[in-house]
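Taking it in order: structure first as C-alpha cells, then the write-up.
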Amino acid sequence: MQIKLKTQKTLILYFTLFWSCLLLGQSLPRLSKIGNKDVLLVNNAPYLILGGELGNSTATSKASMSTVWPRLKELNLNTVLVPIYWELLEPEPNQFNFDLVDELIHDARTNNLKLVFLWFGSWKNSMSSHVPAWVKTNYKKYPRAKDDKGNSQEILSPFYRTNLEADLNAYTALMRHIKEVDGKENTVIMMQPENEIGMLPVARDHSPLANKKYAEPVPDHLMEYLLANREKLNPEFNSIWAKNGYKKSGNWAEVFGEGIATEELFMAYYFAKYTNSITQAGKEIYPIPAFVNAALNAPGKAPGVYPSAGPLPHLLDIWKAASPAIDFYSPDFYNPDFEKWNNLYTRQNNPLFIPEHRFDNTVAAKAIFTIGKYQALGFSPFAIEQNPNVELKPKEILLAETYKTLGELAPVLLSQWGQNKIKGVLLDKENNTSTFILGDYEFTASHTHNLGWDPKAKDDQWEQAAALIVQTAKNEFYFLGFGTSLTFKNLKNNKTVGILKAESGHFENNTWKVFRHLNGDQTHQGRHIRAFLGTVSLQRFTLYEYE
Ligand code: DGJ
C-alpha cells in the first residue's frame with residue numbers, strides 16, 4: 001500500500017516536472033512559422049527585430065553605455081545587438097565576471113529593450129583578438145592557425161581540442177548565467193556564437209593537425225549529408241563537386257579537386273564543426289536561437305584575400321552539414337547588391353536576419369524592404385549609437401521614424417505573415433519601378449522622381465526609396481514607406497481601379513487612428529497612393545473598380 005502511494009507521488013512529481021519543463025521550454029524565445037515564413041517568438045508572441053548593433057567597444061563598460069541607452073530609445077529600437085567579450089568575461093581561467101552581462105540585462109530591461117548577444121569568443125572578424133590574455137600568451141597550449149609558410153596568425157586554430165574546450169567552457173558558463181538570471185524574463189532573445197569567422201591570409205589553416213586532416217578522407221558524415229541532399233545543394237557548391245565527377249569518397253583534394261576552392265571547403269567544415277560544438281553545448285543548457293554571421297566576399301577576390309570559409313553562400317551546404325545546432329546564417333552588409341545577397345541567403349529556407357548593415361543613408365529604406373519583401377526576422381544597422389552626444393542626423397531621424405512606424409504596424413504585418421499578403425520594394429535610379437501582385441490587383445510601384453516634379457530627379461544619384469504594402473482585406477491595404485507612388489490594375493476584370501479611400505495615420509494600442517483624409521494633391525486627385533522622400537508615411541487605403 002505504502003509502495004503504491006510512493007509510486008503515485010513519484011508519478012505526480014514526474015508529471016509536474018514534465019509539464020513545468022515543457023511550459024518553461026515553451027516560453028523561451030524560439031523560431032516558429034506563420035504560413036510559409038519564419039518568425040521569432042519572444043515571450044510567446046511573434047516578434048519583429050527593429051534592431052541595431054553596437055560599435056565593438058561600446059559595451060565594455062557601464063559608463064560607456066550610459067549615454068547610449070537614451071540614444072537607442074530615441075532611435076525607436078526594440079532590440080540591441082551587443083558583444084560579450086571573452087577576455088572580460090573570463091579574465092583568469094575559470095574565473096568568470098558576469099558584472100557587464102548583468103548590467104546589460106538590467107539596463108536593457110529598464111529601457112524596455114531586448115538583447116541579442118554576440119559571443120566575441122575564439123574569433124571576431126577572423127582574428128582572435130578577444131580571447132583572454134591567458135589564452136593569447138599560452139600559444140603552446142592554445143595553438144594558432146598557420147599560413148602556407150608555417151607562420152602563426154593571431155587566429156586560434158579550429159583543429160585543436162584545447163582551443164575548443166576553452167571557448168566552450170566560457171560559452172557554456174555564459175549560457176548557464178543567462179539561464180539563471182534571464183530564464184523567466186527572456187531579455188536575451190538570441191545568441192550569435194563568434195563573429196565573422198574566416199581564415200586569413202590564405203584559404204586554409206596549415207598547422208600540423210590541419211595538414212593531417214586535409215590528407216584524411218572527407219568525413220563520412222559530410223559525404224552522407226551531401227548525398228542525401230544532392231538535389232537541393234546550392235549551385236555554386238554543386239558545380240565544384242560536379243566538376244570532379246561527384247566522387248563519393250577520398251580525401252578532400254580527391255573528392256573536390258586540388259586547389260584553394262577545396263581548401264576553403266575543408267576549412268569551412270572545421271570552422272562550422274567547432275562553432276557547432278560550442279552552440280550545441282550552449283543550447284543543451286539554455287536553448288534559445290543561435291545564428292552565425294558572414295563577412296561577404298568581394299567578387300573576384302580569392303579565399304584568404306577575403307576571409308575564407310565563413311558561412312558564405314557558396315559554402316552554406318558545408319556549414320549546414322557541420323552545424324545543425326545553428327538555426328540560420330546571416331549576411332553582414334558592407335557590400336553593394338543588397339537584394340542579390342539576400343536572395344542567396346534565403347535559399348533552402350534559411351530565415352533572413354540582417355545583423356549588420358553599414359549605418360549609411362540607405363538603412364531606413366532597406367529595413368522596410370527587407371521586412372516587406374522577405375518577411376525577415378529583423379534588421380540592424382552597425383554602430384547604431386554612432387555619436388550619442390550629438391543631435392540626430394537625417395539618416396538617424398529617418399531610421400527612427402521607420403522603426404516607430406514598423407513597430408506600430410508590426411501586429412498587422414505579423415497577422416498576415418507568410419500568406420503572400422505582404423510585398424516590399426526598393427527603388428533607385430536604375431531600378432525605378434517594380435510590379436507585384438496582391439490578391440486581385442497588380443501594383444506598379446514607382447520612385448517618386450519618376451513623376452518628374454522634384455528638381456532632384458535630374459540628379460545623378462537618386463536617394464533610395466522603399467515601401468511595404470500589406471493586404472488586410474480583399475480591397476484594403478496598408479502602405480508604409482517613402483519616395484514611392486503606387487498605381488493599380490485589377491487582374492480579374494477589365495474595370496478601371498480607383499481609390500475609394502486613402503488615409504494617413506498611426507496605430508494607438510493597435511487601433512488605427514486617422515490623421516488626415518488624403519485627397520487632392522496627396523493622391524494626385526485619386527490617381528496614386530504615394531509618399532515623398534525624406535519622411536516615412538503610413539497609410540491605409542481601399543480600392544474599387546468602375547466602368
Ligand atoms: C563587421 C564586424 O562584424 C563588426 O564587428 C565590425 O568590425 C564591422 N565589420 C566594421 O566596423
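Numbering of ligands and ligand atoms starts at 1, following listing order. Positions are given from 1, in the same order as the sequence printed here.
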- Residues two or more places apart in sequence or in another chain: which of them pass salt bridge (Lys or Arg N to Asp or Glu O under 4.0 Å) with E385?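 Result, salt bridge (Lys or Arg N to Asp or Glu O under 4.0 Å) vs E385: none returned.
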Any idea which protein heavy atom is nearest [atom], and the distance to it?
atom	value
atom 5 (O) of ligand 1	N56 ND2, 2.9 Å
atom 4 (C) of ligand 1	E356 OE1, 3.4 Å
atom 8 (C) of ligand 1	Y334 OH, 3.4 Å

Check ligand 1 against [X] and write out every atom of the ligand that is under 4.0 Å from a heavy-atom position of the residue.
X	value
N195	2 (C), 3 (O), 5 (O)
E196	1 (C), 2 (C), 3 (O)
K124	4 (C), 5 (O), 6 (C), 7 (O)

- Task: Indicate, with yes or no, if the rings of Y270 and Y274 have centres closer together than 6.0 Å.
- Result: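 Judged by ring-centre distance (under 6.0 Å), Y270 and Y274 do not meet the cut-off.
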- Item | Residue among W341, F369, F338, Y334 satisfying ring pair (Phe, Tyr, Trp, His ring centres under 6.0 Å) with H357 |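 Testing H357 for a ring pair (Phe, Tyr, Trp, His ring centres under 6.0 Å) against W341, F369, F338, Y334 leaves exactly one candidate, F338.
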- Face-on cation placement of K213 at F266 ring, 6.0 Å and 45° thresholds: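 That pair does not qualify as a cation-pi contact.
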- Query: Would you call E236-R347 a salt bridge at under 4.0 Å N-O?
  - Reply: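 Counted as a salt bridge, because a side-chain N and a carboxylate O are separated by less than 4.0 Å.
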- Query: Between E401 and K404, is the closest basic N to carboxylate O distance under 4.0 Å?
  - Reply: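 No salt bridge links K404 with E401.
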- Which option, F382, F333, F120, owns the non-hydrogen atom nearest atom 11 (O) of ligand 1?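 Nearest option to atom 11 (O) of ligand 1, by heavy atoms: F382.
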